[in-house]
Undergrad: 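What follows is a single structure, and I will ask about it in a moment.
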Amino acid sequence: MRDITISINVLNNSAKHSQKDKFITQSTAIIEYVRLFLLATGSRKDAPHRAMKQNHKAVTNTLAKLFLHTKSASTLWPPPDAILKMQHSANEVLIAVRHFIAAAQDHGIEIRDVKDATAEHTKASRFPHLHASQSSISDNQLLITQNNFERVAQLEGLLNSIEIKISILQKLSKSKDFNHKEFIPQVREMVKEVGNFLTLVDEIPMDSLNEEVTVDFKVNRLSLYNSIAGLVSATQTATAQFAPSNAIEQVFLSSGLVQKAVKDLLLSTKILIEEQESLEQANLADILIKERRPSSVFAPRQTKALSVSALGRRNNEYATDSQTDITSHEDSNVDFPLSPVSVPSLFSSGGYQEENFVQGGPPPNINPPKIPVNAKKQFTAISTSAKIFPNGPRSAGVSAELPYDLDDFSDSEQERKNTTKEERATKIKQILGVETVPLISNELDQSFLAHDYQTFELLFTNEKKVKGGTLEALVERLTAHDASDPNYMSAFLLTYRSFTTSEELFRLLHRRFTLKPPPGLTEENLERWKRDKLENIRTRIYNVFKNWVEKYWLNDGEEFRTLNEIKDMAQAVIKPIQETEAKRLILLCEQRAQSRESGNLKKIKGAPTGFIPPPILPKSLKKIIFLELDPIEIARQLTIMISKLYEIVQPIELLKKAWTDLSNSNAKNVRAMIQTSNHITGWVVHTVLNESRQKERTTIVRHFIHIAENCRLLNNFDTLMAILSGLEAAPIHRLRKTWDSLKGREKSIFTTLRELMTSTKNFSRYREELKSCTPPCIPFVGFFFTDLTFIEDGNPDFIKGTKLINFAKRMKTAEVINDFQQYQLSFALAEVSEIQEFLKNSWQVEADEKASYERSCDLEIRESDEEKITRMLQESG
């Protein structure tokens with residue numbers, strides 16, 4: 001009683017100071033103390049008097065009222081009188097509890113000490129590892145489930161942090177001494193903060209909301225994704241060797257767009273949460289209205305079995321914490337204990353009745369009776385879920401929680417042995433007031449077909465996709481007997497090297513293939529377990545091995561041993577059970593061992609069949625002159641050279657930003673591609689600046705524009721971007737006389753290409769063009785690196801507060817890698833080795849940014865505005 005009084009005073013004090021973030025936590029404490037108090041009284045079993053039942057109903061009704069008013073008062077925009085109503089409700093709880101104690105004293109009912117009752121109840125529980133004061137939600141779920149008010153507070157804190165980092169970025173960008181080493185870490189830290197912001201936002205469930213309500217939210221979220229990707233791209237451009245003159249300005253503008261996008265998303269998130277809470281309150285009202293009509297809910301059934309969920313709604317008010325969680329979804333996000341699904345565990349069958357509430361006023365001075373330490377009887381209500389579903393609830397269609405174990409209604413072991421099922425059913429009838437029969441029969445016990453992982457080991461998103469899990473649970477999901485998800489398998493095999501090794505994955509698959517049946521199964525259930533579970537698991541494992549070896553293998557020394565282990569397992573373990581499948585797998589392993597290439601074994605190698613255009617050769621291949629080479633042929637040879645590198649890039653090279661680690665040998669192909677693109681950019685700058693005559697320099701610029709145009713026609717966007725970067729580099733961009741000498745056609749082509757590849761709105765024009773182009777194609781790889789960098793820096797490897805692998809992050813990474821791979825096809829073009837050799841030799845010259853700019857200033861001295869006008873008038877005649 002003292003704990004209840006103190007907790008109510010604490011809530012009233014928080015209400016006085018409008019500390020909304022504490023309302024739910026403190027109301028939860030009140031409800032827990034009252035629930036333990038009722039547990040100590042054993043009121044339903046030990047109090048046959050009608051007066052006690054009415055007092056019990058009054059207590060639970062006041063808890064219902066406190067629950068509703070607390071939810072209302074803790075919303076983002078609560079009604080004006082919400083806090084006052086919550087205070088009145090808390091005082092009514094105290095009054096009801098004191099009346100209950102007085103009635104118990106009048107009827108001679110002993111009330112045990114709460115600690116003793118909790119200890120005895122915990123000892124009797126089927127879940128001894130759970131303490132009676134714990135909530136019905138597991139520790140893992142509590143870490144993930146957040147109160148909406150706390151979530152908004154965290155989002156606002158992240159907004160402040162993001163604004164501070166943006167302010168620092170803008171100061172650095174305005175600084176005369178622009179330092180790359182200081183700038184890039186600041187951008188990386190801001191990207192991480194935005195990633196944390198989006199992670200919190202993505203945890204908001206939207207399944208129950210209409211599409212119209214979520215439109216603005218989704219638009220603002222997409223806008224933030226685009227803005228942050230634009231900032232990363234602008235930063236990469238600004239810190240490149242030959243950055244455009246307006247690159248720093250673009251960074252400044254991009255950071256401002258990020259700040260605006262974060263604010264807009266926060267506002268739409270608040271509105272979304274408000275809509276969601278309104279919907280929850282409406283649902284709660286419906287539940288409570290149903291609770292007011294117990295006869296309609298608990299009427300005798302014509303069928304033989306009583307509804308498990310209906311029984312729980314009637315009698316769960318005394319259950320332990322392990323019973324109150326009646327959700328059957330593995331990914332349920334519930335705010336315990338004030339969420340709708342937990343309400344029935346706190347209320348009696350009498351339900352929500354406004355006429356029973358006492359309005360306002362301080363609690364009367366009622367001296368509570370002394371509570372005896374040792375009680376003669378105790379109330380026992382033990383969940384049978386541990387017996388029926390050892391690893392927790394599995395089915396989304398049937399509640400796995402039962403309020404009582406039929407065997408536990410007898411007072412002793414001997415009495416249980418001497419009591420028939422019919423007698424026990426009669427005893428339940430006396431307690432519940434309804435006719436029933438045993439709830440679970442052996443025929444319905446299908447726990448042996450349940451998943452082997454615990455419910456807290458695997459989390460799901462609102463869209464029922466895997467969010468995270470332990471390695472063992474992720475592998476079990478990969479080979480689940482009751483579900484097949486090709487997208488999940490593809491994402492897993494593309495990204496598993498970022499969180500485990502091939503050797504460990506093989507070990508888990510081998511152990512899964514040789515799975516042992518649960519002990520104590522009848523012959524019939526054993527056959528069913530083999531047919532419905534084991535056979536399906538083995539088929540899934542074969543498919544995993546087949547896809548792994550055929551499409552996702554990395555041919556290097558470290559994985560060669562694992563390949564031999566797979567082959568040995570196919571021969572010794574799989575072949576006696578699945579002979580045909582084993583032979584196919586052995587053949588695949590042999591083909592992979594003979595092949596020196598990674599990736600897809602069935603991928604077409606070499607030049608594709610079909611028409612190959614004849615090459616356009618210069619006058620002499622022995623002494624090649626750049627301007628004598630046709631722009632079309634230069635574009636073709638550049639495309640062939642880049643395509644060869646692009647085709648052999650493997651998924652592992654795109655994981656965990658491997659291309660940025662020079663010591664990582666797994667990323668050699670993608671680094672070679674990046675290096676070649678940088679060489680082409682430097683080659684453009686060097687070739688233009690190497691010509692001292694202005695007229696010839698203009699001719700060279702015109703030649704490069706036509707090469708870029710033909711790269712676009714070949715769908716070679718990567719080389720197109722490299723050439724544009726060279727032409728837009730500061731040393732070339734400032735050559736006004738050279739650019740002004742270009743004809744209108746070349747200027748128009750150059751403007752069109754620039755608009756196509758601009759980073760505005762996260763390369764929106766380029767994205768549209770890429771979707772409409774027909775492979776073969778070489779995308780601009782920097783676009784993929786931007787997305788992968790954002791995913792890697794903005795999402796943790798493990799779900800916050802847990803040791804669960806963040807698989808949602810791997811799903812996002814896999815989507816980008818799949819986009820990267822879909823264009824890895826060969827071009828139908830003829831190689832000219834002499835031209836390729838000439839191009840390679842041409843871009844071997846080391847380009848220095850400072851020296852290049854000084855050379856540019858020597859070629860064209862900066863002219864005044866008057867000089868520029870005079871020159872243009874002279875040129876126009």
Side-chain angles (χ1 to χ4, degrees), residues 1-16 19 22-44 47 52 54-71 73 83 85-106 109-122 131-136 317-321 324 336-338 342-343 345-348 356-373 375 378-379:
M1 184 64 194
R2 180 174 176 273
D3 290 335
I4 296 173
T5 305
I6 292 174
S7 59
I8 290 175
N9 289 335
V10 171
L11 177 63
N12 286 330
N13 185 60
S14 298
K16 182 179 178 181
Q19 297 173 329
K22 298 180 180 179
F23 288 171
I24 287 182
T25 303
Q26 292 168 356
S27 294
T28 301
I30 295 172
I31 294 173
E32 279 295 294
Y33 283 131
V34 173
R35 197 174 64 79
L36 290 174
F37 168 77
L38 293 176
L39 174 65
T41 66
S43 57
R44 283 193 69 92
M52 286 305 300
Q54 292 299 323
N55 280 278
H56 183 276
K57 181 188 295 184
V59 172
T60 53
N61 282 340
T62 57
L63 288 178
K65 190 176 180 182
L66 175 61
F67 165 72
L68 287 178
H69 290 162
T70 301
K71 289 285 286 186
I83 295 179
K85 287 184 177 180
M86 182 186 69
Q87 289 179 280
H88 288 171
S89 300
N91 292 334
E92 289 164 10
V93 171
L94 185 61
I95 294 171
V97 170
R98 286 176 172 171
H99 286 169
F100 185 95
I101 294 174
Q105 193 175 35
D106 291 341
I109 296 176
E110 294 181 329
I111 303 177
R112 292 168 296 157
D113 185 82
V114 171
K115 294 181 180 179
D116 295 339
T118 301
E120 293 180 17
H121 192 74
T122 304
H131 191 274
S133 61
Q134 290 177 315
S135 67
S136 62
E317 63 264 37
Y318 300 124
T320 62
D321 295 309
T324 54
F336 175 79
L338 298 177
S342 297
V343 174
S345 65
L346 300 177
F347 308 147
S348 71
N356 292 333
F357 296 151
V358 182
Q359 296 294 333
N365 293 324
I366 300 177
N367 295 323
K370 294 182 179 180
I371 301 175
V373 177
Q378 67 174 16
F379 175 81

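Side-chain atoms are counted along with the backbone in the values below, which use heavy atoms only and exclude waters and symmetry mates. The first residue of the sequence shown is numbered 1, and numbering continues consecutively from there.
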Undergrad: Would you compute the distance between atom CG of Leu94 and atom CG of Asn9 and round it to the nearest 0.5 angstrom?
TA: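 Reported value, rounded in 0.5 Å steps: 8.0 Å.
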Undergrad: Check Leu66 against Ser89 and note the closest heavy-atom contact, atom names and distance.
TA: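 Looking at all heavy atoms of both residues, the shortest contact is CA-CB, 3.7 Å.
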Undergrad: Looking only at heavy atoms, which two atoms of Ala90 and Ile8 are closest? And how far apart?
TA: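 Distance-wise, the nearest heavy atoms are O-CD1, 3.4 Å.
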Undergrad: Measuring from Leu63:CG to Ile30:CD1, what's the distance to the nearest 0.5 Å?
TA: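 If we round to the nearest 0.5 Å, Leu63:CG and Ile30:CD1 are 9.0 Å apart.
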Undergrad: side-chain contact (heavy atoms from CB on, under 4.5 Å) with Ala29: which residues, sequence neighbours excluded?
TA: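 For Ala29 the side-chain contact (heavy atoms from CB on, under 4.5 Å) partners, ignoring immediate neighbours, are Tyr33.
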Undergrad: OG1 of Thr60 to CZ of Phe67: how many Å apart, nearest 0.5 Å?
TA: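 If we round to the nearest 0.5 Å, Thr60:OG1 and Phe67:CZ are 14.0 Å apart.
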Undergrad: Quick one: list whatever passes side chain to side chain donor-acceptor pair (under 3.5 Å) with Gln26, sequence neighbours left out.
TA: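 Expected list: Ser14.
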Undergrad: Asn12: what forms a side chain to side chain donor-acceptor pair (under 3.5 Å) with it, not counting sequence neighbours?
TA: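 Applying side chain to side chain donor-acceptor pair (under 3.5 Å) to Asn12 gives Asn91.
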Undergrad: To the nearest 0.5 Å, what is the distance between CD1 (Ile31) and CD1 (Ile4)?
TA: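 Those atoms lie 11.5 Å apart.
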Undergrad: Give me the atom names and distance for the closest heavy-atom approach of Lys85 to His69.
TA: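 So the minimum-distance heavy-atom pair works out to O-ND1, 3.4 Å.
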Undergrad: Taking Ser27 for the side chain and Ile24 for the main chain, is one N or O donor matched with an acceptor at less than 3.5 Å?
TA: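 Side chain of Ser27 to backbone of Ile24: no pair is present.
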Undergrad: At what distance, to the nearest 0.5 angstrom, does NZ of Lys65 lie from NE2 of His88?
TA: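 Reported value, rounded in 0.5 Å steps: 8.5 Å.
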